[in-house]
2 protein chains.
Amino acid sequence: MAPRLTAKGAATRQRIVEGAAEQIRERGATETTLDDIRARTATSKSQLFHYFPGGKEELLLAVARHEAGRVLSDQQPHLGALTSRQAWYDWRDAVVDRYRRQGQQCPLGTLVSQLSPATPGAQAVTRELLGSWQAQITSGIRAMQEKREIPPELDADRAAAALLAGIQGGVSILMSTGSLTHLEVALDLGIERLLVAPAPAPAPAPAPAPPPR
Amino acid sequence: MAPRLTAKGAATRQRIVEGAAEQIRERGATETTLDDIRARTATSKSQLFHYFPGGKEELLLAVARHEAGRVLSDQQPHLGALTSRQAWYDWRDAVVDRYRRQGQQCPLGTLVSQLSPATPGAQAVTRELLGSWQAQITSGIRAMQEKREIPPELDADRAAAALLAGIQGGVSILMSTGSLTHLEVALDLGIERLLVAPAPAPAPAPAPAPPPR
DNA sequence: CACTTTCTGGACTTGCAGGTCCATTTTTTG
DNA sequence: CAAAAAATGGACCTGCAAGTCCAGAAAGTG
């Protein structure tokens with residue numbers, strides 16, 4: 001079934017995925033045809049189907065995987081080591097920068113929406129991306145809690161989920177309006193909420209009764 | 001240019017928009033063809049182009065406007081009167097409920113991504129929706145500040161922007177993974193942050209400029 | 001150096017969705 | 001009620017993009 005690839009074959013396959021990713025970043029997934037990809041990557045129709053027997057859908061899925069990898073790697077090394085206040089601020093800047101550069105193109109967004117709502121493959125890719133992203137934020141929060149830079153009673157999982165949601169929303173607003181401010185605000189306020197109390201002293205905090213719910 | 005519509009014509013046009021909206025909610029924008037809409041609304045090809053001379057793009061734009069209206073009206077009356085703690089909690093529930101019911105279909109999301117990234121018309125629709133949404137949150141925050149339920153030094157605009165970003169992100173994660181928890185967490189933590197300090201404030205508090213829009 | 005497998009080129013087929021056209025019916029208007 | 005304007009039905013056209021096919025070149029394998 002799975003034909004083994006030679007070195008040359010692997011290179012071609014790679015070239016196709018990367019070229020398709022570029023094309024999609026520039027023109028959007030719906031606007032991208034197999035012929036566009038063919039032209040840009042200097043390949044023939046048969047090569048496309050040779051490496052992606054499932055046709056366009058399989059190719060798009062491969063591109064989605066490729067782009068998902070980029071999303072996380074573009075945030076490194078900060079995201080992987082959120083162990084100091086400075087690291088958090090650097091990470092924040094890296095995220096803002098990445099999306100400023102990317103502008104209004106959301107490769108992943110358009111991809112998954114093109115792959116129809118709930119293609120199992122597409123869901124798996126986003127699920128994995130979001131899961132890994134959130135896990136790294138969570139462990140950053142835990143690290144800061146151990147250093148007493150974040151209150152230990154805070155629920156790291158929920159805080160990470162909220163922060164990730166803010167980022168996602170900021171990005172999605174960037175896509176649809178072109179404005180970067182929501183992403184910035186979501187990150188700034190989200191991080192500020194975490195790091196605001198550097199209290200090394202677990203002194204008697206006269207916290208008022210927490211609200212219902 | 002603009003042919004005046006008779007009562008019958010307006011009704012037909014309306015029927016087309018609503019039928020198209022339903023179809024798109026069920027099957028997604030990319031999967032919806034003019035023939036699907038034709039069949040569902042019992043119209044002919046010429047009617048579609050009679051009422052939407054710009055073809056599919058114009059029709060999709062009209063549907064987008066229609067759906068954008070629904071997004072806000074589904075949050076009323078809570079969103080329009082965030083003037084008590086209870087109103088905020090009710091609003092929160094209304095939002096969660098709306099998207100729980102909607103499930104993994106995001107009419108607007110798929111619509112704007114189908115209308116290509118940055119069609120001016122599509123941008124205008126989302127821009128207006130987000131603007132109005134955020135403005136209503138902002139004035140809710142201001143109202144609570146006047147009642148001393150939210151600290152007056154808090155920047156209402158930024159807080160509203162962050163909250164809206166959280167909601168958007170929660171929805172977008174719901175679309176791609178089917179999980180509602182991020183939306184819930186974003187709302188819960190976002191509101192909690194605002195309402196946490198019910199400080200009754202000292203008497204001679206000089207009223208902070210209450211510029212109610 | 002045979003010979004097998006993988007890789008490549010590109011012409012061809014196919015289906016379908018968007019869009020056009022015009023004839024006919026219904027409604028409005030004076 | 002007659003002329004004009006709007007609404008409707010549905011056949012038809014057209015282009016394009018996905019997918020197929022097969023023949024031939026290149027690369028590995030013994």
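Labels below follow one simple rule: chain letters A, B, ... track the order of the sequence lines, proteins then strands, and each chain is numbered from 1. For clarity, every value in this text was computed on a predicted model and none was experimentally measured.
Rounded to an integer number of Å, the gap from B/I37 CD1 to C/dA17 C1' is 12 Å. When rounded to the nearest whole Å, the span between NE2 of A/H50 and C1' of D/dT20 equals 15 Å. With rounding to whole Å, A/D36 atom CG is found 7 Å from D/dA17 atom P. Following rounding to the nearest Å, A/Y51 (OH) and C/dT5 (P) show an atom-to-atom distance of 17 Å. Summarising the geometry, the separation between CZ on A/F52 and P on D/dG19 is reported as 13 Å, rounded to the nearest angstrom. In this structure, CG of A/L48 is placed 14 Å from P of D/dA17, rounded to the nearest angstrom. The interatomic distance linking A/R38 (CZ) with C/dT8 (P) rounds to 14 Å, in whole Å. Rounded to whole Å, the distance from CD on A/Q47 to P on D/dG19 is 17 Å.
The phosphate of C/dT8 (OP1 or OP2) has a side-chain N or O of A/T12 nearer than 4.0 angstrom.
With sequence neighbours excluded, the residues forming a side-chain hydrogen bond (donor to acceptor under 3.5 Å, both in side chains) with B/S46 are B/S44, listed by chain and number.
Relative to the side chain of B/S44, the nucleotides D/dG10, C/dC7, C/dG10 differ in distance, and D/dG10 lies closest.
Shortest non-hydrogen contact noted between B/Y99 and B/M175 is CD2-CE, 4.3 Å. Scanning both residues, B/Q104 and B/T177, for their nearest heavy atoms gives NE2-C, 4.2 Å.
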### Task
Using a 4.0 Å heavy-atom cut-off, write out nucleotides 19-27 of chain C from 5' to 3' as B (base contacted by protein), S (sugar-phosphate only) or - (no contact).
BBB----S-
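Using a cut-off of 4.0 Å between Lys/Arg side-chain N and Asp/Glu carboxylate O, A/R25 and A/E67 are scored as salt-bridged. Taking the charged nitrogens against the carboxylate oxygens, B/E192 and A/R158 have no contact shorter than 4.0 Å, which rules out a salt bridge.
For B/R92 (side chain) and B/L187 (main-chain N/O), no donor-acceptor pair under 3.5 Å exists by modelled atom type.
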